[in-house]
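As C-alpha cells, the structure follows; a few thoughts come after it.
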Amino acid sequence: MKLEVRDAVRRDLPEIKRLTDEYISRDFYSMEALEGMLPSARNLLYVVTDADRDDQIISYFYAFVAPLDEALGILHVREKPEALLSCGGDELVGVYKASSTEKPYRKQGVCSAFARDLEPVLRARGAKLILATALHPMGQEVPMRHIFEDNRFTQLGELYRPWEGVPGYCPYCGCDPCICDGVFFIKKL
C-alpha cells in the first residue's frame, strides 16, 4: 500500500460522491455541491490515492474557513455554545466538514493525519478555532470520536437530531432523513 495525498480536482468528484454516498449518506452532496468544494481560498478538499491500486481514491477530507456564525449554521449548531460567546460572529474559524475512507483503509491514521496536518493551513488562512460535528448513532459510540480526541479536540456538547429534515439515507440509523444525534467538537489554534 503506497498512499499519496493531493488536492482534489474535478475528475475526482465522482469518486468523492461514491465514497460519500456509501459511507456518509446517499445524496448528502450533489455533484454541483462537490464542484463548489474544489480547492480555493476558502475550501480545502484533498484525496488520498493508493499507487498500488492504480491511484484509486481511497479517502477524501473536506474542510473550509468561514465566519463563526456561518460555520455554526452549516454544522447545524442551533445555539451558540457558552464557550464561544466571547467570539465575534465574523471571527474566522476552520471547519472539518466531511471525510470518508474505504473500509479496508480505516483505522490506519488517514483521517487523523488530515485533521492534524490541516491545522497550520487553517491557521495561515486566519482561523483561530476548528469546529466539527460528528454523527452519534443511537446506542453506539461516536465513530469519529477517537480521531477528534487524538487530535486534542474538546467536545462542546450534544446536538439533538441536527440533520432532521435534511434528505439522505443514513448508513447508521437506516433512516431518510437521518435521526441520529450529533456531537459538537472544538479545538483552539
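Everything numeric in this text was worked out from a predicted model, so none of it was measured.
- With sequence neighbours excluded, no residue forms a salt bridge (Lys or Arg N to Asp or Glu O under 4.0 Å) with Glu158.
- In this structure the side chain of Leu38 reaches within 4.5 angstrom of the side chain of Arg10, judged on heavy atoms.
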Exercise for the section: For side-chain contact (heavy atoms from CB on, under 4.5 Å), just list the numbers for Glu4 and Lys2, CA-CA rounded to whole Å, side-chain angles, deciding distance to a tenth of an Å, and then say yes or no. Expected result: CA-CA 7 Å; Glu4 296 177 7; Lys2 185 177 177 189; 3.8 Å; yes
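- Leu45 has its side chain out of reach of Asp7: every pair of non-hydrogen atoms, C-beta onward, lies at least 4.5 Å apart.
- With sequence neighbours excluded, the residues satisfying side-chain contact (heavy atoms from CB on, under 4.5 Å) with Ala63 are Leu44, Phe61, Tyr96, Leu118.
- Residues forming a salt bridge (Lys or Arg N to Asp or Glu O under 4.0 Å) with Asp12 (at least two apart in sequence, or on another chain): Arg6.
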In residues 104-114, what donor-acceptor pairs under 3.5 Å come from side-chain atoms, sequence neighbours left out?
residue: Tyr105; atom: OH; partner: Asp50; partner atom: OD2; Å: 2.5
residue: Tyr105; atom: OH; partner: Arg53; partner atom: NH1; Å: 2.9
residue: Arg106; atom: NE; partner: Thr101; partner atom: O; Å: 2.8
residue: Arg106; atom: NH2; partner: Thr101; partner atom: O; Å: 3.1
residue: Gln108; atom: NE2; partner: Pro104; partner atom: O; Å: 3.0

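- Within the 4.5 Å cutoff, the side chain of Ile16 has no heavy atoms near those of the Ser100 side chain.
- No side-chain heavy atom of Asp90 sits under 4.5 Å from any side-chain heavy atom of Leu68.
- For residues 92-103, the salt bridge (Lys or Arg N to Asp or Glu O under 4.0 Å) pairs, not counting sequence neighbours, are Arg18-Glu102.
- Residues Val48 and Ile57 fail the side-chain proximity criterion, which asks for heavy atoms closer than 4.5 Å.
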Handout entry: Stepwise side-chain contact (heavy atoms from CB on, under 4.5 Å) check, Val65 with Asn43
Key = CA-CA 7 Å; Val65 176; Asn43 295 319; over 6 Å; no
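- Within the structure, salt bridge (Lys or Arg N to Asp or Glu O under 4.0 Å) pairs that include any residue of residues 110-132 comprise Glu119-Lys187 (at least two apart or interchain).
- Aromatic rings of Tyr60 and Tyr62 (six-membered ring for Trp) have centroids beyond the 6.0 Å cut-off, not under it.
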Considering only distance and modelled atom types, tabulate donor-acceptor pairs under 3.5 Å from the side chains of residues 138-147, sequence neighbours left out.
residue: Glu141; atom: OE2; partner: Arg145; partner atom: NE; Å: 2.8
residue: Arg145; atom: NH1; partner: Gln155; partner atom: OE1; Å: 2.7
residue: His146; atom: ND1; partner: Pro143; partner atom: O; Å: 3.4

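- Cluster membership for Met31 and Tyr23, using ILVMFWY side-chain heavy atoms within less than 4.5 angstrom, is shared.
- Side chains of Leu72 and Val93 form no contact here, defined as non-hydrogen atoms less than 4.5 Å apart.
- For the side-chain hydrogen bond (donor to acceptor under 3.5 Å, both in side chains) condition, the pairs that include at least one residue of residues 67-89, sequence neighbours left out, are Arg42-Glu70.
- For Glu164, there are no salt bridge (Lys or Arg N to Asp or Glu O under 4.0 Å) partners, not counting sequence neighbours.
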What pairs of donor and acceptor atoms, side-chain ones from residues 179-186 against any protein atom, are under 3.5 angstrom apart with sequence neighbours left out?
residue: Asp181; atom: OD1; partner: Arg161; partner atom: N; Å: 2.9

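- Listed by chain and number, the residues in a side-chain contact (heavy atoms from CB on, under 4.5 Å) with Ala83 are Leu156 (sequence neighbours excluded).
- Of the inter-residue distances, the one linking Cys178 atom SG with Leu135 atom CG reads 5.0 Å to the nearest 0.5 angstrom.
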Handout entry: side-chain contact (heavy atoms from CB on, under 4.5 Å) evaluation trace for Tyr29 with Ile24
Key = CA-CA 10 Å; Tyr29 291 125; Ile24 297 176; 5.6 Å; no
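- When hydrophobic clusters are built by joining Ile, Leu, Val, Met, Phe, Trp and Tyr residues whose side-chain heavy atoms come closer than 4.5 Å, directly or via intermediates, Val9 is not grouped with Leu3.
- Side-chain contact check for Leu189 versus Ile130: some heavy-atom pair is nearer than 4.5 Å.
- In this structure Asp27 satisfies the salt bridge (Lys or Arg N to Asp or Glu O under 4.0 Å) test together with Lys17, sequence neighbours excluded.
- Between Cys170 and Arg26, the closest side-chain pair of non-hydrogen atoms is not below 4.5 Å.
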Exercise for the section: Dump the intermediate steps for side-chain contact (heavy atoms from CB on, under 4.5 Å) on Thr20 and Ser25, then the final yes or no. Expected result: CA-CA 6 Å; Thr20 303; Ser25 177; over 6 Å; no
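- Panel note: side chain Ser30, backbone Ala33; a donor-acceptor pair is recorded below 3.5 Å.
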